[in-house]
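Worksheet: one structure, shown below.
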Amino acid sequence: MIGVVQPTPPSLDVRGVRYAYPDGHVALHGVDLTVPRGERVALLGPNGAGKTTLVLHLNGILTPTEGSVRVGGLAVSQDRATLAEVRRRVGIVFQDPDDQLFLPTVAEDVAFGPANLGLRGAELAARVDEALAAVGMGEHRDRAPHHLSFGQRRRVAVATVLAMHPEILVLDEPSSNLDPAARRELAEILRGLPVTLLMVTHDLPYALELCERSVILDAGRIVADAPTRDLLTDTDLLTRHRLELPYGFTPTPR
Amino acid sequence: MGAGHAHVLYRESASPVHRLPPEVKIVAMVVFTLAVVATPRTAFWAFGAYALLVAAVAALARVGPGWLLSRALIELPFVLFAVALPFLGAGERVELLGLRLSEDGLYGAWNIVAKGTLGVLASLLLAATTTTRDLIVGLDRLRCPQILTQIATFMLRYLDVLVGEARRMRVARVSRGDDPRFLWQLRGFAAGVGALFLRAFERGERVYLAMLSRGYSGRMPAVWQGAGAATAGQWLVAATVPVLAAGVAATAVLLT
């Protein structure tokens, strides 16, 4: 089974994370964010708000200048064993599936993560089949990634991290470049997954569709944290942070 | 964006040759080529025997002579030099078709053309019956250094992506009226090559980040190596061709 939802501790606990790039540019000014197990949260914000920088802190690729990140109770540190476990727990799906899928066949790519965890043989094959089935790509296991459609590639990219049985699934712009049907199919798949989900996006209707709760990150700070519907009906707030609803889309306040 | 099945040389089929594991075919091809190269150039009958062997394997693999010969033309630029040999060669001269040619040069030319063609045909048969992916798997199983197989794996995966990027950049350039006809008008093209390099470099970084995020620690996990490796029986079956070729070569060496 992919991910088990249990009470406490929270899947993700980010406390006071500050980060300055080596050139001195401060990208995060003290970010606090808690995501309880099983919740789906959208991380909204304009370009350059620090969304991707924050995501790279979640699995220890970047180390905060100040503050701490805990994943399922485990503090992220640069210690090798901890880092390996943190990278199992946090499954990041990057924006461009061509960056994520680097091996010649779908099955090999899905096997890459669990194989890094030390799985081999039948157990590994089972993980691959299970993850591909979860995104409805089972029959494409031996195809080459560049022979798949963009939507299929994105689904395989989701499978590559599902195969590691993550505590939290982090998606960077999951709906970008998808045609409407592929976008809807992905939403159906994501809604059916029994995992905690953090979704970085500009696609406000998508956030409303999938996530009960949203946070807005702007200029390295969390500026709003509320039910998605409440945020999307607050036009002033959206305008202040360079977020816009698509033309003709008006969510009704509760 | 057409992402077609870009198999330049591979021919889809379920022939017995296709079903052989890649590593045995690679070894068979290399040994066969070595036997051909080791054969003395005057043993004409031996080259006939090799050609028969190639024809037999081609028939077994259901690869037509037309397909094989048209692709063998790739060797032309490499054997062009051989054509000059009979004219330039030193030593005894013989009369042939009204031309006075060097006997040594004629043998030299024959040597290059015959051995080159047989080697190319053997490689083409390997390529026609083995996917690029399987070739890398085979090299991996033959304990080829992992760094080489990894580079080949990346190339296989990203070649299409890079070609696609280059094509889109060219279309964008041409759409804005770039129409280079002379060398000094190639500025746009040259800048495009630079941009492509930067993109490839940046992609490399992103791929590496994504790999790290899935627990990559500097070594590729050897996952599929074990499964489907060649059995002793398959080694024996594939050994027939190189063993026959080696026999021919040995006989030729003893006779001349």
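Order of the sequence lines sets the chain letters (A, B, ...), proteins ahead of strands, with each chain counted from 1.
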Subject >> Contact class of A:L101 relative to chain B, heavy atoms under 4.5 angstrom >> reply: both
**OP:** Can you measure from CZ (A:F102) to OH (B:Y208) and round to the nearest 0.5 angstrom?
**Re:** 11.5 Å
Original post:
Just wondering, are more than 12 heavy atoms of other shown residues or ligands nearer than 6.0 Å to CZ in B:F78?
Top reply: no
**OP:** Enter the distance from A:D99:CG to B:M211:CE here, rounded to the nearest 0.5 Å.
**Re:** 12.0 Å
Original post:
Around atom CD of A:E123, are there more than 12 heavy atoms of other residues, nucleotides or ligands at under 6.0 Å?
Top reply: no
**OP:** Please round to the nearest 0.5 Å and tell me the distance separating atom CD1 of A:I92 and atom CG of B:L209.
**Re:** 9.0 Å
Original post:
So does B:R214 pair up with A:D109, basic N to acidic O under 4.0 Å?
Top reply: yes
Subject >> Side chain, backbone, both or neither of A:S149 within contact of chain B (heavy atoms, under 4.5 Å) >> reply: neither
Original post:
So do A:H146 and B:Y158 actually touch side chain to side chain, heavy atoms under 4.5 Å?
Top reply: no
**OP:** Kindly determine whether B:R206 and A:D98 satisfy salt bridge (Lys or Arg N to Asp or Glu O under 4.0 Å), including the steps that lead there.
**Re:** CA-CA 10 Å; B:R206 292 199 306 269; A:D98 279 335; over 6 Å; no
Original post:
Pick from A:L117, A:V90, A:D96, A:V161: which one has the most heavy-atom pairs with chain B under 4.5 Å?
Top reply: A:D96
Subject >> Per-residue contact mode, A:L83 against chain B (heavy atom under 4.5 angstrom) >> reply: neither
Original post:
Are the side chains of B:S213 and A:R87 in touch, meaning some heavy atoms are under 4.5 Å apart?
Top reply: no
Subject >> Salt bridge flag under 4.0 Å for residues B:R133 and A:E108 >> reply: yes
